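Okay, so here's the structure we're looking at.
Just so it is clear: chains get the letters A, B, ... in the order the sequence lines come, proteins before strands, and each one is counted from 1. Every value quoted in this text rests on a predicted model; they were computed, and no experiment measured them.
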2 protein chains.
Amino acid sequence: MDTELRQTLHRRGLRMTPQRQLVLDAVSELGHATPEEICTKVQEIAPAVNITTVYRTLDLLEQLGIVRHTHLGHGAPTYATGEHEHVHLVCHRCGDVDEVDADLLDGLAGVLAAKAGFVLDPTHVALSGLCSRCETSDSEAHA
Amino acid sequence: MDTELRQTLHRRGLRMTPQRQLVLDAVSELGHATPEEICTKVQEIAPAVNITTVYRTLDLLEQLGIVRHTHLGHGAPTYATGEHEHVHLVCHRCGDVDEVDADLLDGLAGVLAAKAGFVLDPTHVALSGLCSRCETSDSEAHA
DNA sequence: GTACATGCAAACTTTTTGCATTATT
DNA sequence: AATAATGCAAAAAGTTTGCATGTAC
């Protein structure tokens with residue numbers, strides 16, 4: 001699996017370095033994390049790794065299609081490996097992030113394709129709203 | 001209409017100032033615009049207005065429910081008045097922003113409510129994908 | 001030795017904060 | 001006079017860039 005990445009890199013005259021391996025590992029482990037979180041994780045093992053390298057590596061891995069980034073709303077984007085095929089639901093009250101299967105957007109994707117010729121990429125952007133907890137406390141407050 | 005805002009402000013011991021009026025006007029006129037675009041627009045009329053004031057006013061207007069912001073993906077968020085009830089489709093190849101009716105998300109909203117207890121706010125986040133133009137050129141490239 | 005990769009520092013962009021000044025009631 | 005709003009400058013957060021050094025082929 002990482003052999004594949006190694007070869008992809010090699011085909012382009014690029015190299016598999018410890019830093020790149022560590023960044024990829026961190027992204028895999030963390031699920032979805034900001035560059036800074038990834039950097040912290042990497043630095044637990046290799047403290048000398050600079051955040052610049054993390055940014056550069058994330059860009060590279062994204063170009064290669066190995067990772068993708070998602071905007072969870074405010075603040076920094078989060079990166080995840082390609083297998084991570086789900087949609088993020090961000091509560092804009094408490095900031096909690098829930099995840100649902102990307103399939104749930106299939107219907108919508110069809111509609112958008114038909115109506116606007118738009119090919120939806122469900123994993124790139126998070127959906128925003130109120131999570132069940134905040135919804136509940138909201139209703140109580142109104143009662 | 002602005003009388004209503006005036007009164008909402010007054011109820012909270014706040015004031016309607018020229019700056020606030022200008023920011024609101026700019027948001028209305030521009031449809032959806034970044035803080036910087038809004039600031040530029042405001043400064044066409046009142047060059048002394050500081051971008052800090054724009055940020056603070058946008059926050060305030062958002063708290064009051066007069067404007068809402070949307071993350072179009074990369075970069076700065078965009079602000080729009082509350083009436084602006086549509087969903088943004090951002091092409092991540094060419095950056096073009098298309099708009100569709102928010103109703104198209106009704107089905108999805110129902111599913112999310114049922115499956116995850118999540119109350120979707122369709123207008124807050126943009127959907128990402130490929131616009132028809134980029135899709136077409138993509139297919140050609142593959143052909 | 002050549003091309004790629006890294007680390008470091010500095011620049012840059014976007015947004016927030018502290019504080020003195022001004023305006024409104 | 002008291003409170004709110006603004007402007008300015010500085011700080012903070014996130015990201016990018018330039019360059020010298022180091023490393024792999």
Which nucleotide sits closest to the side chain of [X]: [options]?
| X | options | value |
| --- | --- | --- |
| B/T52 | C/dG7, D/dT6, D/dC8 | D/dC8 |
| B/E36 | C/dA5, D/dT6, C/dT14 | C/dT14 |
| B/R20 | D/dA5, D/dT16, C/dT17 | D/dA5 |
| B/T17 | C/dT6, D/dT6, D/dT15 | D/dT6 |
| A/N50 | D/dC8, C/dG7, C/dT14 | C/dG7 |
| B/Q19 | D/dG7, C/dT14, D/dA4 | D/dG7 |
| A/T53 | D/dG14, C/dT16, C/dT6 | C/dT6 |

Relative orientation of the end axes in the helix from C/dG1-D/dC25 to C/dT25-D/dA1, expressed as an angle to the nearest 10° (five pairs per end): 10°
Phosphate contact (D/dT16 OP1 or OP2) by A/Y55 side-chain N/O below 4.0 Å: no
Closest non-hydrogen atom pair, [X] against [Y]:
| X | Y | answer |
| --- | --- | --- |
| B/E37 | B/L30 | O-CD1, 4.0 Å |
| B/L112 | A/V100 | CD2-CG2, 4.1 Å |
| B/I51 | B/E36 | CD1-CA, 4.3 Å |
| A/H32 | A/H88 | CD2-NE2, 3.5 Å |

How close or far is atom [atom2] of [N] from atom [atom1] of [X], stated in whole angstroms?
| X | N | atom1 | atom2 | result |
| --- | --- | --- | --- | --- |
| B/R12 | D/dA5 | CZ | P | 12 Å |
| B/L9 | C/dT25 | CG | P | 12 Å |
| A/L60 | C/dC4 | CG | P | 12 Å |
| B/M16 | D/dA4 | CE | C1' | 15 Å |
| A/H10 | D/dC25 | NE2 | P | 7 Å |
| B/H69 | C/dT15 | NE2 | P | 10 Å |
| A/E37 | D/dT15 | CD | C1' | 16 Å |
| B/D59 | D/dT6 | CG | C1' | 15 Å |

5' precedence on DNA chain C between A/R56 and B/I51 (nearest-nucleotide basis): A/R56
Any donor-acceptor N or O pair under 3.5 Å, side chains B/Q21, B/D25: yes
Carboxylate-amine/guanidinium proximity below 4.0 Å for B/K115 and A/D101: no
Carboxylate-amine/guanidinium proximity below 4.0 Å for A/R68 and A/E62: no
CD on A/E44 to CG on A/L22, rounded to 0.5 Å: 11.0 Å
Whether B/Q19 side chain and B/V49 backbone form a donor-acceptor pair below 3.5 Å: no
Under 3.5 Å, which protein N or O atoms sit close to an N or O of nucleotides 21-24 of chain C? Give each pair with its distance.
unit_1: C/dT24; atom_1: O2; unit_2: B/R15; atom_2: NH2; d: 3.4

Intermediate values then yes/no, side-chain contact (heavy atoms from CB on, under 4.5 Å), B/L89 and A/L120: CA-CA 8 Å; B/L89 307 178; A/L120 182 65; 5.7 Å; no
